[in-house]
Amino acid sequence: MTGETYENPVLNADWSDPDVVRVGDDFYLTASSFGRAPGLPLLHSRDLVNWTLVGHALERLEPEEEFGTPRHDCGVWAPAIRHHDERFWIFWGDPDQGIYQINAPGIRGPWTRPHLLKPGKGLIDPCPLWDDETGEAYLVHAWAKSRSGIKNRLTGHRMHPDGTSLLDEGKVIVDGDRIPGWFTLEGPKLYQHDGWFWILAPAGGVETGWQGAFRSRGFFGPYEERIVLEQKDTEVNGPHQGGWVRSPAGEDWFLHFQQRGAYGRVVHLQPMGWGTDGWPVIGDDGAPVAVHRRPDLPPQPPAAPATADDFPGGRYGRQWQWTANQGDGWATQHSGDGLRLACVRSADAHDLRRLPHVLTQRLPGVPCAVEVGLRLDGTEPGARAGLAVLGDAFGWIGLERGADGTVRLVHRFADQAAEGEREAGVPCVAPEGRARLRIEVAAGARCRFSYDVGDGLRLSGPVFTATPWRWVGALLGLFAVAPEGSGRAGAATFTEFRISPL
(Lines give C-alpha, C1' and ligand atoms only; values in the text may rest on other atoms or scores of the structure.)
Protein backbone atom coordinates (compact mmCIF):
# COMPACT_ATOMS: atom_id res chain seq x y z
CA MET A 1 0.00 0.00 0.00
CA THR A 2 1.30 3.49 -0.91
CA GLY A 3 0.21 6.99 0.01
CA GLU A 4 -1.93 6.97 -3.13
CA THR A 5 -3.83 3.79 -2.30
CA TYR A 6 -5.79 2.33 0.60
CA GLU A 7 -6.29 -1.23 1.76
CA ASN A 8 -9.52 -2.93 2.85
CA PRO A 9 -11.00 -3.24 5.37
CA VAL A 10 -10.86 0.44 6.31
CA LEU A 11 -12.48 -0.35 9.69
CA ASN A 12 -11.08 -3.68 10.83
CA ALA A 13 -13.42 -4.47 13.72
CA ASP A 14 -17.13 -5.05 14.29
CA TRP A 15 -18.74 -1.86 12.98
CA SER A 16 -21.80 -3.79 11.89
CA ASP A 17 -24.32 -2.67 9.25
CA PRO A 18 -22.62 0.66 8.45
CA ASP A 19 -24.40 3.64 6.96
CA VAL A 20 -22.79 6.90 5.91
CA VAL A 21 -23.68 10.49 5.08
CA ARG A 22 -21.70 13.51 3.88
CA VAL A 23 -22.25 17.01 5.22
CA GLY A 24 -19.99 19.56 3.56
CA ASP A 25 -16.44 18.17 3.64
CA ASP A 26 -17.18 15.74 6.47
CA PHE A 27 -18.32 12.13 6.36
CA TYR A 28 -20.21 10.51 9.23
CA LEU A 29 -20.84 6.82 9.80
CA THR A 30 -23.02 4.94 12.27
CA ALA A 31 -23.48 1.23 12.88
CA SER A 32 -25.52 -1.32 14.80
CA SER A 33 -24.84 -1.41 18.53
CA PHE A 34 -27.41 -4.07 19.54
CA GLY A 35 -27.84 -4.27 23.34
CA ARG A 36 -24.78 -2.26 24.39
CA ALA A 37 -24.93 1.22 25.92
CA PRO A 38 -24.27 3.89 24.92
CA GLY A 39 -25.49 2.92 21.47
CA LEU A 40 -25.35 4.22 17.91
CA PRO A 41 -21.62 4.98 17.52
CA LEU A 42 -20.75 8.10 15.53
CA LEU A 43 -17.59 8.04 13.42
CA HIS A 44 -16.07 10.91 11.46
CA SER A 45 -13.76 11.04 8.45
CA ARG A 46 -12.49 13.54 5.90
CA ASP A 47 -11.21 10.97 3.40
CA LEU A 48 -13.43 7.85 3.84
CA VAL A 49 -10.32 5.83 4.80
CA ASN A 50 -9.27 7.20 8.19
CA TRP A 51 -12.04 7.23 10.79
CA THR A 52 -12.30 8.38 14.40
CA LEU A 53 -15.03 7.71 16.94
CA VAL A 54 -16.52 11.04 18.05
CA GLY A 55 -19.37 9.84 20.26
CA HIS A 56 -22.66 7.98 20.51
CA ALA A 57 -26.15 9.20 19.66
CA LEU A 58 -28.07 6.99 22.09
CA GLU A 59 -27.15 7.30 25.77
CA ARG A 60 -29.60 4.64 27.01
CA LEU A 61 -31.65 1.99 25.24
CA GLU A 62 -35.43 2.03 25.53
CA PRO A 63 -37.56 0.64 27.07
CA GLU A 64 -34.96 1.21 29.80
CA GLU A 65 -36.12 -1.57 32.09
CA GLU A 66 -35.84 -4.16 29.32
CA PHE A 67 -32.20 -3.27 28.77
CA GLY A 68 -31.25 -3.31 32.44
CA THR A 69 -29.91 -6.82 31.79
CA PRO A 70 -27.88 -8.00 28.77
CA ARG A 71 -29.75 -8.62 25.51
CA HIS A 72 -26.68 -9.05 23.36
CA ASP A 73 -28.33 -9.62 19.97
CA CYS A 74 -31.34 -7.32 20.46
CA GLY A 75 -31.70 -3.55 20.59
CA VAL A 76 -30.29 -1.33 17.85
CA TRP A 77 -30.28 -3.05 14.45
CA ALA A 78 -29.00 -1.56 11.17
CA PRO A 79 -29.43 2.21 11.53
CA ALA A 80 -29.66 4.76 8.72
CA ILE A 81 -28.10 8.20 9.11
CA ARG A 82 -29.22 11.20 7.06
CA HIS A 83 -28.92 15.00 7.09
CA HIS A 84 -32.07 17.00 6.33
CA ASP A 85 -33.42 20.43 7.26
CA GLU A 86 -30.10 21.29 8.96
CA ARG A 87 -30.39 18.32 11.30
CA PHE A 88 -28.89 14.85 11.56
CA TRP A 89 -31.40 12.00 11.64
CA ILE A 90 -30.90 8.37 12.63
CA PHE A 91 -33.58 5.71 12.15
CA TRP A 92 -33.20 2.12 13.37
CA GLY A 93 -35.26 -0.95 13.99
CA ASP A 94 -35.55 -2.75 17.31
CA PRO A 95 -36.89 -6.18 16.29
CA ASP A 96 -38.96 -6.42 19.48
CA GLN A 97 -40.28 -2.84 19.65
CA GLY A 98 -40.43 -1.26 16.21
CA ILE A 99 -38.86 1.60 14.28
CA TYR A 100 -37.25 4.44 16.24
CA GLN A 101 -36.03 7.89 15.19
CA ILE A 102 -33.76 10.46 16.83
CA ASN A 103 -32.35 13.73 15.50
CA ALA A 104 -29.92 16.50 16.47
CA PRO A 105 -28.67 19.87 15.19
CA GLY A 106 -25.05 18.62 15.19
CA ILE A 107 -23.33 15.25 15.16
CA ARG A 108 -22.35 15.66 18.83
CA GLY A 109 -25.92 16.43 19.79
CA PRO A 110 -27.90 17.06 21.76
CA TRP A 111 -29.87 14.14 20.36
CA THR A 112 -33.59 13.85 20.99
CA ARG A 113 -34.98 10.96 22.99
CA PRO A 114 -36.01 7.98 20.87
CA HIS A 115 -39.36 8.42 19.15
CA LEU A 116 -41.21 5.21 18.28
CA LEU A 117 -42.25 5.94 14.72
CA LYS A 118 -43.83 2.55 13.96
CA PRO A 119 -44.43 0.03 16.75
CA GLY A 120 -44.46 -3.67 15.94
CA LYS A 121 -42.56 -6.93 15.96
CA GLY A 122 -39.94 -7.71 13.35
CA LEU A 123 -39.69 -4.20 11.87
CA ILE A 124 -36.02 -3.74 11.00
CA ASP A 125 -33.55 -1.82 8.82
CA PRO A 126 -35.54 1.39 8.22
CA CYS A 127 -34.29 4.16 5.94
CA PRO A 128 -35.94 7.54 5.28
CA LEU A 129 -35.85 9.73 2.18
CA TRP A 130 -36.90 13.37 1.86
CA ASP A 131 -37.74 14.44 -1.70
CA ASP A 132 -36.54 18.04 -1.84
CA GLU A 133 -38.40 18.73 -5.10
CA THR A 134 -41.87 17.57 -4.00
CA GLY A 135 -41.55 18.08 -0.23
CA GLU A 136 -42.70 14.52 0.37
CA ALA A 137 -40.96 12.01 2.63
CA TYR A 138 -40.77 8.23 2.52
CA LEU A 139 -39.62 5.30 4.62
CA VAL A 140 -38.63 1.78 3.64
CA HIS A 141 -37.95 -1.13 5.99
CA ALA A 142 -37.34 -4.87 6.05
CA TRP A 143 -38.68 -7.70 8.22
CA ALA A 144 -37.20 -10.14 10.73
CA LYS A 145 -38.86 -13.54 10.39
CA SER A 146 -37.86 -14.49 13.95
CA ARG A 147 -40.31 -11.88 15.30
CA SER A 148 -42.90 -11.43 12.54
CA GLY A 149 -42.91 -14.62 10.48
CA ILE A 150 -42.16 -12.40 7.46
CA LYS A 151 -38.89 -12.04 5.58
CA ASN A 152 -37.47 -11.37 2.13
CA ARG A 153 -39.57 -8.33 1.40
CA LEU A 154 -39.34 -4.55 1.71
CA THR A 155 -42.24 -2.38 2.84
CA GLY A 156 -42.62 1.29 1.89
CA HIS A 157 -44.51 4.15 3.56
CA ARG A 158 -45.18 7.79 2.96
CA MET A 159 -43.86 9.67 6.00
CA HIS A 160 -44.71 13.04 7.49
CA PRO A 161 -41.84 15.38 6.58
CA ASP A 162 -41.13 16.05 10.25
CA GLY A 163 -40.33 12.35 10.75
CA THR A 164 -42.86 11.88 13.56
CA SER A 165 -45.48 9.72 11.85
CA LEU A 166 -46.27 7.53 8.85
CA LEU A 167 -49.08 8.55 6.52
CA ASP A 168 -50.29 5.14 5.35
CA GLU A 169 -50.46 1.47 6.34
CA GLY A 170 -47.51 0.57 4.11
CA LYS A 171 -47.15 -1.47 0.94
CA VAL A 172 -44.76 -4.22 -0.08
CA ILE A 173 -42.67 -2.53 -2.74
CA VAL A 174 -40.14 -5.33 -3.32
CA ASP A 175 -41.03 -9.01 -2.76
CA GLY A 176 -37.87 -11.12 -2.82
CA ASP A 177 -39.91 -14.30 -3.15
CA ARG A 178 -40.83 -13.17 -6.67
CA ILE A 179 -37.18 -12.80 -7.74
CA PRO A 180 -35.64 -16.17 -8.72
CA GLY A 181 -32.74 -17.13 -6.45
CA TRP A 182 -33.15 -14.24 -4.01
CA PHE A 183 -33.61 -14.84 -0.29
CA THR A 184 -33.15 -12.91 2.97
CA LEU A 185 -33.65 -9.54 1.31
CA GLU A 186 -33.03 -6.88 3.99
CA GLY A 187 -30.98 -3.79 4.94
CA PRO A 188 -32.46 -1.33 2.39
CA LYS A 189 -30.97 2.13 1.87
CA LEU A 190 -33.12 4.59 -0.07
CA TYR A 191 -31.87 7.27 -2.50
CA GLN A 192 -32.85 9.37 -5.52
CA HIS A 193 -30.58 9.65 -8.56
CA ASP A 194 -30.99 10.50 -12.23
CA GLY A 195 -34.80 10.54 -12.05
CA TRP A 196 -35.06 7.19 -10.29
CA PHE A 197 -35.83 5.99 -6.80
CA TRP A 198 -33.01 3.65 -5.82
CA ILE A 199 -32.94 1.00 -3.09
CA LEU A 200 -29.56 -0.56 -2.35
CA ALA A 201 -30.28 -3.73 -0.39
CA PRO A 202 -28.44 -6.98 0.33
CA ALA A 203 -29.73 -10.52 0.07
CA GLY A 204 -28.45 -14.06 0.52
CA GLY A 205 -27.42 -13.89 4.18
CA VAL A 206 -24.57 -12.20 6.02
CA GLU A 207 -21.87 -14.79 5.27
CA THR A 208 -22.59 -15.70 1.64
CA GLY A 209 -24.83 -12.99 0.23
CA TRP A 210 -24.59 -10.19 -2.31
CA GLN A 211 -25.51 -6.54 -2.77
CA GLY A 212 -28.54 -5.72 -4.88
CA ALA A 213 -29.74 -2.50 -6.47
CA PHE A 214 -33.39 -1.75 -7.27
CA ARG A 215 -34.77 1.17 -9.25
CA SER A 216 -38.20 2.58 -10.06
CA ARG A 217 -39.60 5.83 -11.44
CA GLY A 218 -42.03 5.93 -8.51
CA PHE A 219 -41.38 5.16 -4.87
CA PHE A 220 -44.03 2.44 -4.65
CA GLY A 221 -42.69 0.64 -7.72
CA PRO A 222 -42.56 -1.46 -9.73
CA TYR A 223 -38.83 -2.01 -9.18
CA GLU A 224 -36.34 -3.77 -11.39
CA GLU A 225 -33.28 -5.35 -9.81
CA ARG A 226 -29.65 -6.22 -10.41
CA ILE A 227 -26.79 -7.74 -8.40
CA VAL A 228 -24.09 -5.06 -8.20
CA LEU A 229 -21.53 -6.55 -5.77
CA GLU A 230 -20.67 -10.19 -4.96
CA GLN A 231 -17.71 -12.27 -3.88
CA LYS A 232 -16.76 -13.71 -7.28
CA ASP A 233 -13.16 -15.00 -7.08
CA THR A 234 -12.10 -12.80 -4.14
CA GLU A 235 -11.64 -13.69 -0.46
CA VAL A 236 -14.36 -11.25 0.62
CA ASN A 237 -17.35 -13.40 1.51
CA GLY A 238 -20.86 -11.98 1.54
CA PRO A 239 -19.92 -8.41 0.59
CA HIS A 240 -23.04 -6.36 1.22
CA GLN A 241 -25.19 -4.03 3.32
CA GLY A 242 -23.92 -0.53 3.59
CA GLY A 243 -24.29 2.98 2.28
CA TRP A 244 -23.54 5.03 -0.83
CA VAL A 245 -21.98 8.47 -0.50
CA ARG A 246 -20.80 11.07 -3.01
CA SER A 247 -17.67 13.15 -2.36
CA PRO A 248 -17.43 16.93 -2.97
CA ALA A 249 -15.45 16.07 -6.12
CA GLY A 250 -18.39 14.04 -7.44
CA GLU A 251 -16.90 10.58 -6.83
CA ASP A 252 -19.22 7.82 -5.63
CA TRP A 253 -18.21 5.33 -2.95
CA PHE A 254 -19.90 2.42 -1.18
CA LEU A 255 -19.12 1.31 2.39
CA HIS A 256 -20.25 -2.20 3.30
CA PHE A 257 -19.49 -5.01 5.71
CA GLN A 258 -17.90 -8.45 5.53
CA GLN A 259 -18.80 -11.06 8.16
CA ARG A 260 -15.61 -12.44 9.76
CA GLY A 261 -16.73 -14.79 12.54
CA ALA A 262 -15.50 -13.75 15.98
CA TYR A 263 -14.25 -10.44 14.54
CA GLY A 264 -17.79 -9.47 13.56
CA ARG A 265 -18.61 -7.33 10.56
CA VAL A 266 -15.62 -5.36 9.30
CA VAL A 267 -16.08 -2.40 6.93
CA HIS A 268 -14.79 -2.15 3.35
CA LEU A 269 -14.72 0.86 1.03
CA GLN A 270 -15.57 0.23 -2.62
CA PRO A 271 -15.34 2.58 -5.61
CA MET A 272 -18.68 3.09 -7.30
CA GLY A 273 -19.54 4.29 -10.76
CA TRP A 274 -22.42 4.21 -13.22
CA GLY A 275 -22.65 2.06 -16.32
CA THR A 276 -23.83 3.24 -19.71
CA ASP A 277 -27.19 1.63 -18.90
CA GLY A 278 -27.58 3.79 -15.78
CA TRP A 279 -26.95 1.06 -13.21
CA PRO A 280 -24.36 1.34 -10.43
CA VAL A 281 -21.08 -0.54 -10.81
CA ILE A 282 -19.44 -1.25 -7.43
CA GLY A 283 -15.89 -2.43 -6.83
CA ASP A 284 -13.97 -3.93 -9.73
CA ASP A 285 -16.82 -4.64 -12.13
CA GLY A 286 -18.94 -5.98 -9.28
CA ALA A 287 -16.18 -7.70 -7.26
CA PRO A 288 -14.80 -6.19 -4.03
CA VAL A 289 -11.36 -4.58 -4.22
CA ALA A 290 -8.57 -5.29 -1.73
CA VAL A 291 -6.41 -2.27 -2.65
CA HIS A 292 -7.53 0.80 -4.57
CA ARG A 293 -6.71 4.39 -5.36
CA ARG A 294 -7.67 6.69 -2.51
CA PRO A 295 -10.68 8.96 -2.89
CA ASP A 296 -9.97 12.35 -4.47
CA LEU A 297 -10.02 14.15 -1.14
CA PRO A 298 -7.42 16.20 0.79
CA PRO A 299 -4.77 13.94 2.39
CA GLN A 300 -5.39 13.15 6.04
CA PRO A 301 -3.10 11.79 8.76
CA PRO A 302 -3.57 8.12 9.65
CA ALA A 303 -6.38 7.65 12.16
CA ALA A 304 -8.51 4.88 13.63
CA PRO A 305 -11.05 4.56 16.46
CA ALA A 306 -9.26 4.68 19.81
CA THR A 307 -8.52 1.50 21.76
CA ALA A 308 -5.92 2.38 24.43
CA ASP A 309 -7.04 4.05 27.65
CA ASP A 310 -5.32 5.39 30.79
CA PHE A 311 -8.73 6.23 32.32
CA PRO A 312 -7.79 9.75 33.49
CA GLY A 313 -9.81 10.73 36.54
CA GLY A 314 -11.53 7.35 36.43
CA ARG A 315 -13.26 8.21 33.17
CA TYR A 316 -13.32 5.73 30.31
CA GLY A 317 -13.04 6.67 26.63
CA ARG A 318 -15.71 6.65 23.93
CA GLN A 319 -14.60 3.23 22.72
CA TRP A 320 -16.17 1.52 25.75
CA GLN A 321 -19.76 0.32 26.07
CA TRP A 322 -21.60 -1.50 28.86
CA THR A 323 -23.43 -4.74 28.13
CA ALA A 324 -26.69 -3.07 29.24
CA ASN A 325 -27.90 0.35 30.37
CA GLN A 326 -25.45 1.70 32.93
CA GLY A 327 -26.40 1.41 36.59
CA ASP A 328 -25.54 3.73 39.45
CA GLY A 329 -22.15 3.37 41.06
CA TRP A 330 -20.57 0.96 38.57
CA ALA A 331 -17.63 3.29 37.82
CA THR A 332 -16.25 5.93 40.20
CA GLN A 333 -14.55 9.14 39.15
CA HIS A 334 -11.53 10.20 41.24
CA SER A 335 -8.49 12.45 41.15
CA GLY A 336 -5.96 10.02 39.70
CA ASP A 337 -5.71 7.76 36.69
CA GLY A 338 -7.26 4.30 36.46
CA LEU A 339 -10.72 2.83 36.02
CA ARG A 340 -12.29 2.07 39.40
CA LEU A 341 -15.11 -0.46 39.04
CA ALA A 342 -17.29 -1.47 41.97
CA CYS A 343 -17.49 -5.19 42.67
CA VAL A 344 -21.22 -5.26 41.95
CA ARG A 345 -23.02 -8.03 43.80
CA SER A 346 -24.80 -10.47 41.51
CA ALA A 347 -26.36 -13.91 41.52
CA ASP A 348 -24.77 -14.34 38.08
CA ALA A 349 -21.18 -13.75 39.18
CA HIS A 350 -20.21 -17.10 37.64
CA ASP A 351 -21.37 -16.15 34.10
CA LEU A 352 -20.09 -12.98 32.44
CA ARG A 353 -22.67 -13.30 29.68
CA ARG A 354 -25.42 -12.41 32.17
CA LEU A 355 -23.73 -9.40 33.77
CA PRO A 356 -24.87 -5.92 32.71
CA HIS A 357 -21.80 -4.22 34.21
CA VAL A 358 -19.11 -5.54 31.86
CA LEU A 359 -17.35 -2.65 30.12
CA THR A 360 -16.54 -3.73 26.57
CA GLN A 361 -14.91 -2.70 23.33
CA ARG A 362 -14.59 -4.39 19.95
CA LEU A 363 -12.08 -7.16 19.29
CA PRO A 364 -9.58 -5.91 16.66
CA GLY A 365 -9.63 -7.78 13.37
CA VAL A 366 -5.85 -8.24 13.26
CA PRO A 367 -3.50 -10.27 15.51
CA CYS A 368 -2.82 -8.23 18.64
CA ALA A 369 -1.85 -8.28 22.29
CA VAL A 370 -4.24 -6.86 24.89
CA GLU A 371 -2.84 -5.80 28.27
CA VAL A 372 -4.14 -4.12 31.39
CA GLY A 373 -2.99 -3.64 34.98
CA LEU A 374 -5.34 -4.68 37.78
CA ARG A 375 -5.49 -4.13 41.53
CA LEU A 376 -8.26 -5.86 43.49
CA ASP A 377 -9.43 -3.97 46.55
CA GLY A 378 -12.61 -5.98 46.96
CA THR A 379 -12.72 -7.45 50.47
CA GLU A 380 -15.63 -9.85 50.08
CA PRO A 381 -14.67 -13.53 49.67
CA GLY A 382 -15.42 -14.36 46.06
CA ALA A 383 -15.01 -10.76 44.86
CA ARG A 384 -13.24 -10.87 41.51
CA ALA A 385 -12.21 -8.69 38.58
CA GLY A 386 -10.51 -9.32 35.29
CA LEU A 387 -9.94 -9.03 31.57
CA ALA A 388 -12.27 -11.07 29.36
CA VAL A 389 -12.96 -12.18 25.81
CA LEU A 390 -16.73 -12.33 25.66
CA GLY A 391 -19.07 -14.04 23.22
CA ASP A 392 -21.32 -17.11 23.20
CA ALA A 393 -18.31 -18.64 24.94
CA PHE A 394 -16.06 -16.59 27.19
CA GLY A 395 -12.69 -16.70 28.85
CA TRP A 396 -11.17 -14.39 31.44
CA ILE A 397 -8.10 -13.92 33.57
CA GLY A 398 -7.95 -11.81 36.72
CA LEU A 399 -7.90 -11.69 40.50
CA GLU A 400 -10.21 -13.16 43.14
CA ARG A 401 -10.40 -12.74 46.92
CA GLY A 402 -10.29 -16.09 48.72
CA ALA A 403 -12.09 -17.08 51.92
CA ASP A 404 -8.77 -16.74 53.78
CA GLY A 405 -8.35 -13.15 52.62
CA THR A 406 -5.61 -13.80 50.09
CA VAL A 407 -5.87 -12.62 46.50
CA ARG A 408 -5.33 -15.26 43.84
CA LEU A 409 -4.67 -15.05 40.14
CA VAL A 410 -7.41 -17.07 38.43
CA HIS A 411 -8.19 -18.02 34.82
CA ARG A 412 -11.61 -19.38 33.86
CA PHE A 413 -13.75 -20.07 30.82
CA ALA A 414 -17.16 -21.32 29.72
CA ASP A 415 -18.19 -22.82 26.39
CA GLN A 416 -21.39 -21.97 24.52
CA ALA A 417 -23.54 -24.58 26.24
CA ALA A 418 -22.19 -24.13 29.77
CA GLU A 419 -24.28 -22.32 32.37
CA GLY A 420 -21.23 -21.31 34.37
CA GLU A 421 -17.47 -21.05 34.28
CA ARG A 422 -14.76 -23.53 35.17
CA GLU A 423 -11.02 -23.38 35.73
CA ALA A 424 -8.80 -22.89 32.70
CA GLY A 425 -5.53 -22.45 34.57
CA VAL A 426 -4.00 -23.23 37.95
CA PRO A 427 -4.70 -20.45 40.52
CA CYS A 428 -1.73 -18.83 42.23
CA VAL A 429 -1.24 -16.18 44.91
CA ALA A 430 -0.96 -12.53 43.84
CA PRO A 431 1.12 -11.26 46.79
CA GLU A 432 0.18 -7.59 46.58
CA GLY A 433 -3.30 -8.05 45.12
CA ARG A 434 -2.00 -6.82 41.78
CA ALA A 435 -1.37 -8.32 38.35
CA ARG A 436 -0.60 -7.39 34.78
CA LEU A 437 -2.97 -9.31 32.53
CA ARG A 438 -2.36 -10.15 28.88
CA ILE A 439 -4.26 -11.84 26.07
CA GLU A 440 -2.53 -12.51 22.76
CA VAL A 441 -5.06 -12.86 19.96
CA ALA A 442 -3.60 -14.73 16.99
CA ALA A 443 -5.12 -15.48 13.57
CA GLY A 444 -8.50 -17.15 13.81
CA ALA A 445 -9.21 -15.28 17.08
CA ARG A 446 -7.14 -17.86 18.99
CA CYS A 447 -6.45 -16.35 22.41
CA ARG A 448 -3.52 -17.16 24.68
CA PHE A 449 -3.80 -15.85 28.26
CA SER A 450 -0.85 -14.84 30.47
CA TYR A 451 -0.15 -12.84 33.62
CA ASP A 452 2.54 -11.23 35.75
CA VAL A 453 2.11 -11.06 39.53
CA GLY A 454 5.58 -9.68 40.12
CA ASP A 455 7.88 -12.49 39.01
CA GLY A 456 7.63 -12.19 35.22
CA LEU A 457 5.12 -13.05 32.53
CA ARG A 458 3.69 -16.59 32.70
CA LEU A 459 1.35 -18.42 30.34
CA SER A 460 -1.92 -19.73 31.70
CA GLY A 461 -4.14 -22.52 30.41
CA PRO A 462 -4.83 -23.74 26.87
CA VAL A 463 -5.62 -21.65 23.80
CA PHE A 464 -9.17 -20.29 23.82
CA THR A 465 -10.86 -19.56 20.48
CA ALA A 466 -13.10 -16.52 20.69
CA THR A 467 -16.67 -16.90 19.45
CA PRO A 468 -19.22 -14.31 18.33
CA TRP A 469 -22.76 -13.91 19.55
CA ARG A 470 -25.38 -14.59 16.90
CA TRP A 471 -25.04 -11.16 15.26
CA VAL A 472 -22.29 -9.53 17.34
CA GLY A 473 -18.55 -10.08 17.15
CA ALA A 474 -16.57 -11.09 20.23
CA LEU A 475 -15.86 -8.33 22.73
CA LEU A 476 -12.99 -7.45 25.02
CA GLY A 477 -14.26 -6.72 28.51
CA LEU A 478 -13.29 -5.41 31.93
CA PHE A 479 -15.43 -6.36 34.92
CA ALA A 480 -15.65 -6.49 38.71
CA VAL A 481 -18.24 -8.60 40.52
CA ALA A 482 -19.00 -10.18 43.89
CA PRO A 483 -21.38 -12.88 45.14
CA GLU A 484 -24.85 -11.99 46.41
CA GLY A 485 -24.98 -10.44 49.83
CA SER A 486 -25.49 -7.17 51.66
CA GLY A 487 -23.31 -4.09 51.82
CA ARG A 488 -20.51 -2.97 49.57
CA ALA A 489 -18.01 -5.52 48.34
CA GLY A 490 -15.17 -3.16 47.44
CA ALA A 491 -13.74 -2.28 44.05
CA ALA A 492 -11.08 -3.03 41.47
CA THR A 493 -8.83 -0.59 39.63
CA PHE A 494 -7.67 -1.08 36.04
CA THR A 495 -4.70 0.85 34.62
CA GLU A 496 -2.92 1.29 31.31
CA PHE A 497 -5.20 -0.59 28.94
CA ARG A 498 -3.26 -1.22 25.72
CA ILE A 499 -3.76 -3.04 22.43
CA SER A 500 -0.64 -3.53 20.30
CA PRO A 501 -0.11 -5.41 17.01
CA LEU A 502 1.56 -8.82 17.04
Side-chain angles (χ1 to χ4, degrees), residues 1-16 18-31 41-55 81 107 211 228-229 231-237 239-240 242-258 260 263-274 280-309 317-319 361-370 441-443 498-502:
M1 187 173 66
T2 70
E4 298 178 352
T5 62
Y6 70 90
E7 183 177 338
N8 275 317
V10 292
L11 285 166
N12 203 351
D14 188 26
W15 302 95
S16 178
D19 192 32
V20 64
V21 67
R22 178 177 67 87
V23 180
D25 294 329
D26 299 285
F27 299 92
Y28 300 100
L29 181 148
T30 191
L42 301 168
L43 288 82
H44 170 254
S45 177
R46 284 288 184 94
D47 64 1
L48 291 170
V49 174
N50 296 285
W51 293 88
T52 57
L53 178 64
V54 297
I81 184 169
I107 197 68
Q211 178 67 36
V228 292
L229 182 70
Q231 180 172 357
K232 296 190 177 181
D233 60 355
T234 73
E235 296 181 356
V236 183
N237 59 294
H240 67 249
W244 160 36
V245 68
R246 177 165 286 173
S247 76
E251 291 183 340
D252 292 312
W253 297 88
F254 183 70
L255 286 146
H256 69 92
F257 78 72
Q258 174 198 9
R260 290 193 57 220
Y263 300 111
R265 301 174 183 181
V266 303
V267 178
H268 293 238
L269 175 67
Q270 302 295 336
M272 179 171 160
W274 299 88
V281 179
I282 299 178
D284 181 8
D285 195 24
V289 300
V291 178
H292 193 269
R293 174 188 59 81
R294 285 177 174 263
D296 182 15
L297 293 164
Q300 302 294 320
T307 56
D309 206 339
R318 299 185 183 101
Q319 64 268 35
Q361 64 169 276
R362 293 160 179 83
L363 182 70
V366 295
C368 63
V370 184
V441 187
R498 297 287 184 270
I499 297 179
S500 55
L502 283 178

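Heavy atoms only: backbone and side chains are in, while hydrogens, waters and symmetry mates are out.
- Put simply, CG on Leu229 and CG on Asp285 are 11.0 Å apart, with the number rounded to the nearest 0.5 Å.
- By the 4.5 Å heavy-atom criterion applied to side chains, Phe27 and His44 are not counted as neighbours.
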> What do the steps show when you test Arg260 against Asn12 for side chain to side chain contact (heavy atoms under 4.5 Å, CB included), and what is the final call?
Replying inline: CA-CA 10 Å; Arg260 290 193 57 220; Asn12 203 351; 3.4 Å; yes
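- Nearest heavy atom pair, residue Ala308 against residue Gln319, reads O-NE2, 3.0 Å.
- To the nearest 0.5 Å, atoms OG1 (Thr30) and CG (Asp19) are separated by 8.0 Å.
- Using a 4.5 Å cut-off on side-chain heavy atoms (C-beta onward), Gln361 and Asp309 make no contact.
- In this structure the side chain of Pro295 reaches within 4.5 angstrom of the side chain of Val49, judged on heavy atoms.
- Between Pro288 and Pro239 the shortest side-chain heavy-atom distance falls below 4.5 Å.
- A side chain to side chain donor-acceptor pair (under 3.5 Å) with Arg46 holds for exactly one of Thr52, Asp26, Asp25; it is Asp26.
- Considering only heavy atoms from C-beta on, Val236 stays 4.5 Å or farther from Pro9 through its side chain.
- Of all the heavy atoms in Val20 and Gly243, the pair that sits closest is CG1-O, 3.8 Å.
- Of all heavy-atom pairs between Trp274 and Arg246, the closest is NE1-NH2, 3.8 Å.
- Here the side chains of Ile107 and Ile81 are in contact, with some heavy-atom distance below 4.5 Å.
- Leu29 CG to Trp15 CH2: the interatomic distance, rounded to the nearest 0.5 Å, is 8.5 Å.
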>> Does His256 form a side chain to side chain contact (heavy atoms under 4.5 Å, CB included) with His268? I'd like the steps, not just the answer.
In response: CA-CA 5 Å; His256 69 92; His268 293 238; 3.3 Å; yes
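- Annotation: the span from Gln270 atom CD to Asn8 atom CG amounts to 5.5 Å, rounded to 0.5 Å.
- Here the side chain of Arg318 pairs a donor or acceptor atom with the backbone of Val54 at under 3.5 angstrom.
- Taken from CH2 in Trp244 to CG in Asp252, the straight-line distance is 5.5 Å, to the nearest 0.5 Å.
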> Do Asp284 and Thr234 pass the side chain to side chain contact (heavy atoms under 4.5 Å, CB included) test, and can you show the C-alpha distance, the side-chain angles, and the key distance before you say yes or no?
Replying inline: CA-CA 11 Å; Asp284 181 8; Thr234 73; over 6 Å; no
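- Taking CZ from Arg22 and CG from Leu48, the interatomic distance works out to 10.0 Å, rounded to the nearest 0.5 Å.
- Contact detail for Asn50 and Pro301: the closest heavy-atom pair is CG-O, 3.6 Å.
- Checking side-chain atoms of Gln300 against main-chain N and O of Pro298 turns up a donor-acceptor pair under 3.5 Å.
- Between Arg362 and Pro41, the closest heavy-atom pair is NH2-CG, 3.9 Å.
- The closest side-chain heavy-atom distance from Pro501 to Val366 is not below 4.5 Å.
- Between Trp253 and His292, the ring planes lie perpendicular to each other; the angle is over 60°, past the 30° to 60° tilted range.
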>> One pair to check against side chain to side chain contact (heavy atoms under 4.5 Å, CB included): Val10 and Leu255. What are the steps and the verdict?
In response: CA-CA 9 Å; Val10 292; Leu255 286 146; 4.1 Å; yes
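- In this structure the side chain of Pro280 never reaches within 4.5 angstrom of the side chain of Gln211, judged on heavy atoms.
- Classification of Arg265 and Asp14 as a salt-bridged pair fails, no side-chain N sitting under 4.0 Å from a carboxylate O.
- When all heavy atoms of Gly24 and Pro248 are compared, the pair lying nearest together is O-CG, 3.9 Å.
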